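If you're wondering where the values come from, they're calculated on a predicted model, not measured in any experiment. Positions are given from 1, in the same order as the sequence printed here.
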Amino acid sequence: MFNLLKMDVRRLFKSRSFYIILGVTAGLILMVALMTAIVSDPETLDGMGAHGAEIDEIDRQMSEEIRNMTQLDLAHETLGGGFLLIIIGIGVTLFVSCDFTSGFVKNICCAQPGRANYVLSKALTAGIYSAIVTLLGMLLILLAPYLYGMRPVPNTVLEILQYLFWMWLPHWAFSLMALALVLLARSTTLGIILSLVAGGGLTAILVGTLGKLLRWPPLERYFLSSVVNGVYEPQSGITQAGVILACTIAWAVIYGTGSLLAMEKRDI
């Protein structure tokens with residue numbers, strides 16, 4: 001299995017789609033940071049108002065709130081909405097589906113008959129993939145504001161590392177959803193669509209709305225998009241470690257089991 005993992009990691013770093021995903025992540029975060037810097041600048045708001053834009057008191061209050069944000073406040077406003085979930089889900093979908101579209105999976109399964117090893121290798125590679133994308137996103141959103149003249153209130157290195165770790169765990173579990181979908185449906189399109197829907201929180205919203213109508217418990221709180229959104233609460237700075245860890249393990253077991261069953265039940 002270790003040789004299979006090394007091969008997957010080597011293929012990952014040689015994959016064009018991997019670097020496209022990193023480039024898209026970097027580009028979008030830099031754009032968001034630029035827009036945030038523009039909105040937070042009082043002189044820019046005054047200039048926009050002088051040129052006919054409608055700038056009211058709410059806009060000025062929001063501008064002041066942004067200027068008073070800490071680094072983690074700003075990071076979570078950017079990353080906590082599921083942006084990285086979507087990016088990672090799409091990336092893992094493209095990476096794993098390449099085995100099937102190219103027919104390479106047949107060679108792998110001939111050389112490594114144990115299909116559990118194939119799933120485990122892909123799951124660990126997905127963990128590396130999600131860690132790299134999460135780390136890149138975090139570094140950029142911490143550094144980009146300074147490029148545009150913003151000075152967010154600094155957090156300690158320990159606080160930033162804790163936030164990064166608790167953000168990575170649910171993103172890894174979400175990447176296993178993409179893995180399971182590819183192995184089950186063998187469809188890149190379906191994996192991308194569900195990454196967009198689930199990563200953007202639409203499934204959690206639908207389940208929450210249905211739950212209110214049927215008086216269910218608030219199950220939507222335990223969806224990975226909701227877990228990511230609750231990793232950091234800017235008002236209190238609380239990390240909900242127990243919930244994050246439990247949801248990560250639960251979803252990882254569900255998706256991992258689904259991946260194993262999909263590989264064992266279907267011919268390659």
Side-chain angles (χ1 to χ4, degrees), residues 1-29 79 82-112 114-138 140 167-200 224-225 228 248 251-252 254-264 266 268:
M1 198 282 294
F2 182 68
N3 290 332
L4 192 56
L5 177 60
K6 286 199 303 182
M7 181 188 68
D8 276 336
V9 173
R10 191 180 302 116
R11 288 181 55 238
L12 174 64
F13 286 106
K14 290 183 177 181
S15 169
R16 181 184 301 176
S17 65
F18 176 62
Y19 294 101
I20 292 175
I21 288 291
L22 295 183
V24 170
T25 302
L28 290 176
I29 289 178
L79 306 179
F83 162 65
L84 290 184
L85 288 175
I86 294 172
I87 290 291
I88 290 170
I90 292 174
V92 172
T93 296
L94 294 174
F95 177 71
V96 178
S97 64
C98 183
D99 283 358
F100 295 91
T101 56
S102 66
F104 187 59
V105 67
K106 296 181 180 180
N107 297 331
I108 296 175
C109 289
C110 288
Q112 296 279 345
R115 295 188 179 182
N117 289 338
Y118 176 87
V119 173
L120 181 58
S121 175
K122 285 292 185 290
L124 294 176
T125 305
I128 295 171
Y129 198 120
S130 57
I132 293 172
V133 175
T134 305
L135 178 60
L136 174 66
M138 192 65 187
L140 285 174
M167 280 289 279
W168 168 62
L169 286 179
H171 283 83
W172 185 3
F174 191 84
S175 71
L176 298 181
M177 180 201 76
L179 170 62
L181 286 173
V182 172
L183 297 183
L184 180 63
R186 312 285 168 87
S187 172
T188 304
T189 303
L190 180 61
I192 292 174
I193 291 174
L194 289 181
S195 294
L196 289 167
V197 171
L224 291 172
S225 58
V228 167
T248 297
W251 286 110
I254 292 171
Y255 294 138
T257 302
S259 297
L260 287 171
L261 293 175
M263 283 296 292
E264 294 293 341
R266 297 190 63 176
I268 300 299

Are I192 and L94 close enough that some pair of their side-chain heavy atoms sits under 4.5 Å apart? yes
Of all heavy-atom pairs linking V92 and L179, the shortest is CG1-N, 4.2 Å
Is the closest side-chain heavy-atom distance between S259 and L176 below 4.5 Å? no
At what distance, to the nearest 0.5 angstrom, does CG of D8 lie from CG of N3? 11.5 Å
Please name the pair of heavy atoms, one in A178 and one in G89, separated by the smallest distance, quoted to 0.1 Å. CB-O, 3.5 Å
Residue pairs, two or more places apart or on separate chains, that pass side-chain hydrogen bond (donor to acceptor under 3.5 Å, both in side chains) and touch residues 90-100: R11-D99, S97-T188, D99-Y118, D99-K122
At what distance, to the nearest 0.5 angstrom, does OG of S121 lie from CG of L5? 4.5 Å
Mind checking the CD1-CD1 spacing from I88 to I21? Nearest 0.5 Å is all I need. 9.5 Å
Within a strict 4.5 Å, meaning less than it, do heavy atoms of the M138 and T134 side chains meet? no
Which heavy-atom pair separates A198 from S225 by the least distance, and what is that distance? O-CB, 3.6 Å
OG1 of T25 to CD1 of I29, rounded to nearest 0.5 Å, is 6.0 Å
Under a plain distance cut-off of 3.5 Å, with no hydrogens placed, do S17 and S15 share a side-chain donor-acceptor pair? yes
S195 to G191 - nearest heavy-atom pair and separation: OG-O, 2.8 Å
Under 4.5 Å between any side-chain heavy atoms of F95 and V182, yes or no? no
Please give me the minimum heavy-atom distance between S175 and A126, naming the atom from each residue. OG-CB, 3.4 Å
Once rounded to the nearest 0.5 Å, what's the spacing between atom SG of C98 and atom CG of L12? 11.5 Å
Is there a side chain to side chain contact (heavy atoms under 4.5 Å, CB included) between W168 and V133 once you walk through the steps? CA-CA 9 Å; W168 168 62; V133 175; over 6 Å; no
So, W172 side chain and L124 main chain: donor-acceptor pair closer than 3.5 Å or not? no
If you round to the nearest 0.5 Å, how far is CD1 of I193 from OG of S187? 7.5 Å
Any residue meeting ring-ring contact (aromatic ring centres under 6.0 Å, His included) with Y129, in chain and number order, not counting sequence neighbours: F18
